[in-house]
There are 2 protein chains.
Amino acid sequence: MGLVERKIREKEELKDSILKAAKKLFLERGFEKTSIRNIADEIEYSPGIIYHYFKDKNEIFHALHTEGFQEMGKRMGILSAIVDPMSRLRAMGKIYIEFGLENQDMYDLMFIIEAPIDHVETRDDLCWSEGDSSFNQLRLTVKECMQKGHFQGHRLEALSFMIWSTVHGMVSLKIRKRVNILEVSEVENIVENSYQSFLMVLDKL
Amino acid sequence: MGLVERKIREKEELKDSILKAAKKLFLERGFEKTSIRNIADEIEYSPGIIYHYFKDKNEIFHALHTEGFQEMGKRMGILSAIVDPMSRLRAMGKIYIEFGLENQDMYDLMFIIEAPIDHVETRDDLCWSEGDSSFNQLRLTVKECMQKGHFQGHRLEALSFMIWSTVHGMVSLKIRKRVNILEVSEVENIVENSYQSFLMVLDKL
DNA sequence: TTGGAAAATTAAACACTGTTCAATTATATT
DNA sequence: AATATAATTGAACAGTGTTTAATTTTCCAA
């Protein structure tokens, strides 16, 4: 009769509006300063209602972190057009860093803040699927590079993690404000410049 | 007359006991779950007293983060015995990683948590001296390597930051629980193995 | 030894936080 | 229209960092 469906859709709409409000406030004020009451105020409902749509605050921010992966995934889309795995690997790192610097709070949520990963741990399946498929993209590209003769003597898993660590290290030191110790003239573009150093390193492998 | 001195010492003792209690609770339960009231309970004083010794919670954890740098500095002490800068650089990374993995909460405070760095920003001098002198140790070693002909074509500041980023990335991904996506057989020793990959990379430069 | 100034310490309050749950309101079905 | 079901609320609980007025303790000069 369509009525039930409309109800379900309306329920989904409220869930969506909670997520939208949470995202808005999170991007404005950060994780710690976005409270359940703030979110409730934003959607003009009472705080209690939120717990009928989400188990707890962690679940809300897990949902947001998933949105972050979707956005990053979109950006990574162009990679499929790059046939040469080494070029693809370079582009992948560039996109990763650009995404991180342009969406610092989302990056924080995806790779630094504990809330989303704590939520994953409290579930039955307990697998971080978003991280898993992202890392797998990297792993596969590195594998292709190795099949073409690059990175000789390296082990796939360890090298892939090292590459991820390097770009994550750059972005997270920046996000968590540990880069002000660098020479003032370098601070501004340190991540980009440092990634250039990294690319030079990759070339020699 | 010595009395004034004793008073000063007693004041310092209370300040120290606050720090000791804060450290104990922090290492037991983490940053978020260590409250001013918890610390006050631990030292058997009322919560208010803490604000006569520290401006706010950030200042307490800035003091703790400084202790972390002292401990790491101690470990780095043996580096002065290593004459060859490349060997010294390798050892530096190893010590950094070992320190991070063996003192995850302290590492968190030093390089991930915002509290200590937020406190630095609210002061007049606003320089992160602990980070500065640590990074300078790295910078000087990399410089020596370059003077010996290594890392040709690289820029000192960018390369030093890249090296720091790589080890920081490894440790921080581990601490913030983003490594469970790796092959199960690799998770355990991924940081160490990945650092081995990094050393192989350094060798080729 | 005592009086009063100075310092140390406390208790209470403020405005928050995440979360739970009984009570209420709104909706849907018979 | 009455009832069953679902949606929503408001109040409460136990906690948070921080401030401030009031209290206690300590110190020193008379």
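By convention in this document, chain letters (A, B, ...) are assigned in the order of the sequence lines, proteins followed by strands, and residues within each chain are numbered from 1.
- One interatomic measurement links the two molecules: CD of Glu44(B) to P of dA8(C), which rounds to 20 Å at whole-angstrom precision.
- A cation-pi contact links Lys57(B) to Phe31(B), judged by a cut-off of 6.0 Å to the six-membered ring centre and 45° from its axis.
- Taking only side-chain nitrogens and oxygens, Tyr45(A) never comes nearer than 4.0 Å to OP1 or OP2 of dG10(D).
- More than 12 heavy atoms of other shown residues, nucleotides or ligands fall within 6.0 angstrom of atom NZ in Lys177(A).
- The CZ atom of Arg155(A) sits 11.0 Å away from the OG atom of Ser160(A) when rounded to the nearest 0.5 Å.
- The distance between atom CD1 of Ile60(A) and atom C1' of dT19(C), rounded to the nearest whole Å, is 12 Å.
- Ile49(A) places its CD1 atom 18 Å from the P atom of dA23(C), with the value rounded to the nearest Å.
- The listed nucleotides are dT18(D), dT9(C), dG18(C); the one nearest the side chain of Asp56(B) is dT18(D).
- At the phosphate of dG15(D), neither OP1 nor OP2 sits under 4.0 Å from any side-chain N or O atom of Asn38(B).
- Side-chain to base pairing of Arg37(A) with dG18(C): one donor and one acceptor N or O lie within less than 3.5 Å of each other.
- Considering only side-chain N and O atoms, Ser35(B) lies under 4.0 angstrom from the phosphate OP1 or OP2 of dT16(D).
- The nearest whole Å value for the distance from the CG atom in Asp41(A) to the C1' atom in dG10(D) is 14 Å.
- Between the CD1 atom of Ile50(B) and the P atom of dA11(C) there is a distance of 14 Å, rounded to whole Å.
- You'll find the ring centres of Phe69(A) and Trp128(A) inside the 6.0 Å limit.
- When rounded to the nearest whole Å, the span between NZ of Lys57(A) and C1' of dT16(D) equals 12 Å.
- Each of Lys33(B) and Pro47(A) was matched to the nucleotide of DNA chain D holding its nearest heavy atom; the match closer to the 5' end belongs to Pro47(A).
- Phosphate contact (OP1/OP2 of dT10(C), side-chain N/O of Tyr51(B), threshold under 4.0 Å): absent.
- Nucleic acid contact class of Asn58(A) (heavy atoms, under 4.0 Å, all strands): none.
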